[in-house]
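See below for the structure under consideration.
Values reported hereafter were calculated over all heavy atoms of this structure, with side chains retained and with hydrogens, waters and symmetry mates removed. We number each residue from 1, following the sequence as shown.
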Amino acid sequence: MQRDWEKDTARILEILQKRESPLRPVLARAKDIRRLPHAVRLEIGDALSQEMLEEGFSPTDDFNEYGLELDGLIGACELTREDPPSR
């Protein structure tokens, strides 16, 4: 299944807004999570992980629906993809 990068980026922006994150304007300017440097994507991944810890689990410590969504959005940050080397 192909990712909808526009939808993922928009949803991440909503969550960063909810968290009053200073990273929101950075992502808004980039318009696509994939265009951000690795270090910024890591920070966004951290913010999404914190949101998951706070809101993404059911009372039995399983992912709730929102937690599953957050897990997918963390994947969209491509945290294992490093920046290309500069020349």
Side-chain angles (χ1 to χ4, degrees):
M1 183 173 155
Q2 189 143 338
R3 285 205 92 95
D4 184 340
W5 293 103
E6 187 175 310
K7 181 179 174 186
D8 287 346
T9 300
R11 187 65 180 122
I12 292 168
L13 281 167
E14 290 174 12
I15 294 165
L16 293 177
Q17 177 71 33
K18 172 186 164 199
R19 297 189 64 78
E20 299 179 357
S21 172
L23 298 167
R24 189 194 181 290
V26 176
L27 180 55
R29 278 191 302 274
K31 297 183 177 143
D32 186 332
I33 189 78
R34 297 172 295 175
R35 299 177 81 185
L36 293 172
H38 185 250
V40 176
R41 288 183 282 114
L42 282 174
E43 287 186 62
I44 291 172
D46 287 346
L48 295 174
S49 294
Q50 188 62 41
E51 179 75 4
M52 182 185 288
L53 288 172
E54 294 170 11
E55 305 287 337
F57 290 93
S58 71
T60 59
D61 290 334
D62 295 317
F63 281 137
N64 58 27
E65 188 175 324
Y66 186 49
L68 292 172
E69 177 188 16
L70 288 165
D71 187 53
L73 294 173
I74 292 167
C77 292
E78 296 187 327
L79 301 177
T80 58
R81 181 179 57 83
E82 298 284 336
D83 293 334
S86 29
R87 295 181 181 206

Closest non-hydrogen atom pair between [X] and [Y], with its separation:
X     : Y     : result
Arg3  : Asp8  : NE-OD2, 2.7 Å
Ile33 : Ala76 : CG2-O, 3.5 Å
Ile12 : Cys77 : CD1-SG, 4.3 Å
Ala28 : Leu13 : N-CD2, 3.6 Å

Test ring-ring contact (aromatic ring centres under 6.0 Å, His included) applied to Tyr66 - qualifying residues, sequence neighbours left out
none
For Glu78, check side-chain hydrogen bond (donor to acceptor under 3.5 Å, both in side chains) against everything at least two apart and list the hits.
Arg81
May I have all residue pairs that pass ring pair (Phe, Tyr, Trp, His ring centres under 6.0 Å) and include part of residues 12-61, sequence neighbours excluded?
Phe57-Phe63
How would you list all residue pairs meeting salt bridge (charged side-chain N to carboxylate O under 4.0 Å, His left out) that involve residues 21-33, not counting sequence neighbours?
Asp32-Arg34
Can you pull the salt bridge (charged side-chain N to carboxylate O under 4.0 Å, His left out) pairs that have at least one residue in residues 58-76, sequence neighbours excluded?
Arg11-Glu69
Listed by chain and number, what are the side-chain contact (heavy atoms from CB on, under 4.5 Å) partners of Gln50, not counting sequence neighbours?
Arg19, Leu53, Glu54
CD/Glu43 to CG/Leu27 distance, rounded to the nearest 0.5 angstrom?
12.0 Å
Rounded to the nearest 0.5 angstrom, the CG-CG distance for Leu73 and Leu68 is 11.0 Å
Does any non-hydrogen side-chain atom of Leu36 lie less than 4.5 Å from one of Ile44?
yes
